[in-house]
Amino acid sequence: MPPKKKQKVSTDTESTKKATKKVSVSYSHWLMKSEPESRFENGVDMKFSIEDLQKCSNQTDCWDGVRNYQARNFMRDQMKVGNKIFFYHSNCKVPGIAGICQIVKEGYPDHTAFDKKDPHYDKLSDPKNPRWYMVDVKFERMLKRFIPLSELKALYLKHKQSDGPLKNLALFTAARLSVQPITSEEWNFIMELENKESTA
DNA sequence: GCCAACGTTGGC
DNA sequence: GCCAACGTTGGC
């Protein structure tokens, strides 16, 4: 179970309140970022591609290592079994959406936060009062074609002008979040892209 | 490798 | 509770 995104620890104060207070629409679609190319953090390789997920036992793995409150809150409070997820490849030669997976286990404590040897260890996370949560995700399928960030970016810019479905895509409006909500409208639009020729 | 954007921290 | 300094993300 390789660690996922690099997200540094911070203290649990304002951000938690801010992030949990906001009761918003509930989502059933998500985008999760992972790095498909090797990058070492405290001597541990962060690489975890969709192919790596496919190779996992039962094609399922825990999404550990997220250390951002907004992302944690989505995993702890909002992600439900059966929700669909875009598996996004980030920090690599060609970033973009590679495939689809789904939630098979809802939020539970991220044990890597308790492990001193883990690169995402957080001494402030107490097993009796865990600070960080994760979900389990299962591979569903690859997209018929990889949808590159460049194509999504071009559409996002176009839609901002034309009031189109991707005008608020979190990939650009909350670019640094590693676990992002996707509206049904966004999901459906992107799902249709895989049947079309690339425009980027 | 650079660096803009933005989240977090900590002094006040 | 403001906000400048700092650190990180992640595309380029």
Side-chain angles (χ1 to χ4, degrees), chain A residues 2-24 27 30-53 63-78 85-99 101 110 112-113 118-126 129-135 137 143 145-160 166-182 186 190 193 198-200:
Chain A
K4 307 302 189 307
K5 299 299 299 178
K6 174 185 181 183
Q7 277 172 321
K8 280 283 170 338
V9 172
S10 56
T11 53
D12 192 288
T13 54
E14 279 310 298
S15 10
T16 310
K17 289 177 200 151
K18 235 180 282 170
T20 47
K21 192 160 54 180
K22 203 171 197 175
V23 178
S24 48
Y27 295 96
W30 308 90
L31 178 146
M32 296 175 96
K33 300 182 186 175
S34 192
E35 303 185 29
E37 295 172 8
S38 285
R39 184 177 64 78
F40 288 86
E41 201 177 313
N42 304 325
V44 179
D45 195 352
M46 294 297 113
K47 170 183 171 345
F48 191 74
S49 67
I50 194 164
E51 290 83 4
D52 293 321
L53 177 61
W63 205 270
D64 59 287
V66 172
R67 300 290 181 267
N68 168 279
Y69 293 109
Q70 213 182 336
R72 176 204 66 182
N73 293 348
F74 285 138
M75 292 199 291
R76 188 188 59 184
D77 308 330
Q78 291 197 235
I85 303 154
F86 284 134
F87 195 113
Y88 180 88
H89 281 172
S90 72
N91 203 19
C92 56
K93 280 187 217 75
V94 186
I97 300 171
C101 49
D110 180 347
T112 66
D118 192 278
H120 303 289
Y121 171 66
D122 178 8
K123 65 176 189 301
L124 297 175
S125 186
D126 179 347
N129 181 23
R131 174 179 296 225
W132 304 113
Y133 283 72
M134 59 191 181
V135 294
V137 304
L143 287 189
R145 70 178 180 88
F146 182 87
I147 300 179
L149 174 66
S150 57
E151 183 173 351
L152 293 165
K153 180 72 176 283
L155 287 163
Y156 162 72
L157 292 172
K158 191 172 119 189
H159 289 191
K160 271 211 298 185
L166 300 190
K167 67 175 177 179
N168 294 319
L169 198 65
L171 198 54
F172 307 106
T173 60
R176 292 168 40 249
L177 247 194
S178 69
V179 175
Q180 310 184 343
I182 299 274
E186 289 164 348
I190 293 169
L193 288 179
S198 172
T199 53

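Residue numbers begin at 1 in each chain, while the letters A, B, ... track the order of the sequences.
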Spell out, as yes or no, whether a donor-acceptor pair under 3.5 Å connects the side chain of S125(A) to the backbone of R131(A). yes

Check the orientation of F172(A) and Y156(A). Use parallel for under 30°, tilted for 30 to 60°, and perpendicular for over 60°. parallel

Donor-acceptor contact present, side-chain Q180(A) to main-chain A174(A), <3.5 Å: yes

Nearest-Å distance for atom pair NE2/P, residues H89(A) and dG10(C): 14 Å

For atom CD of E37(A) and atom C1' of dT9(C), their distance in whole Å: 16 Å

dC6(B) P sits how many Å from Y69(A) OH, rounded? 21 Å

What does Y88(A) touch in the nucleic acid at a heavy-atom separation under 4.0 angstrom: a base, only the sugar-phosphate, or nothing? sugar-phosphate

Please report, rounded to the nearest Å, how far the P atom of dG11(C) is from the CG atom of L152(A). 11 Å

State whether K153(A) places a side-chain N or O below 4.0 Å from either non-bridging phosphate oxygen (OP1 or OP2) of dG11(C). no

To the nearest Å, give me how far apart CD (Q180(A)) and P (dT9(C)) are. 14 Å

For atom CG of N91(A) and atom C1' of dC2(B), their distance in whole Å: 13 Å

The nucleotide from dC6(B), dG10(C), dT8(B) with an atom nearest the side chain of R176(A) is dC6(B)

Round to a whole Å and report the spacing from CD of Q70(A) to C1' of dT8(B). 14 Å

Donor-acceptor pair, R67(A) side chain versus H120(A) backbone, under 3.5 Å? yes

Let me know the distance between CG of L177(A) and P of dT8(C), rounded to the nearest Å. 17 Å

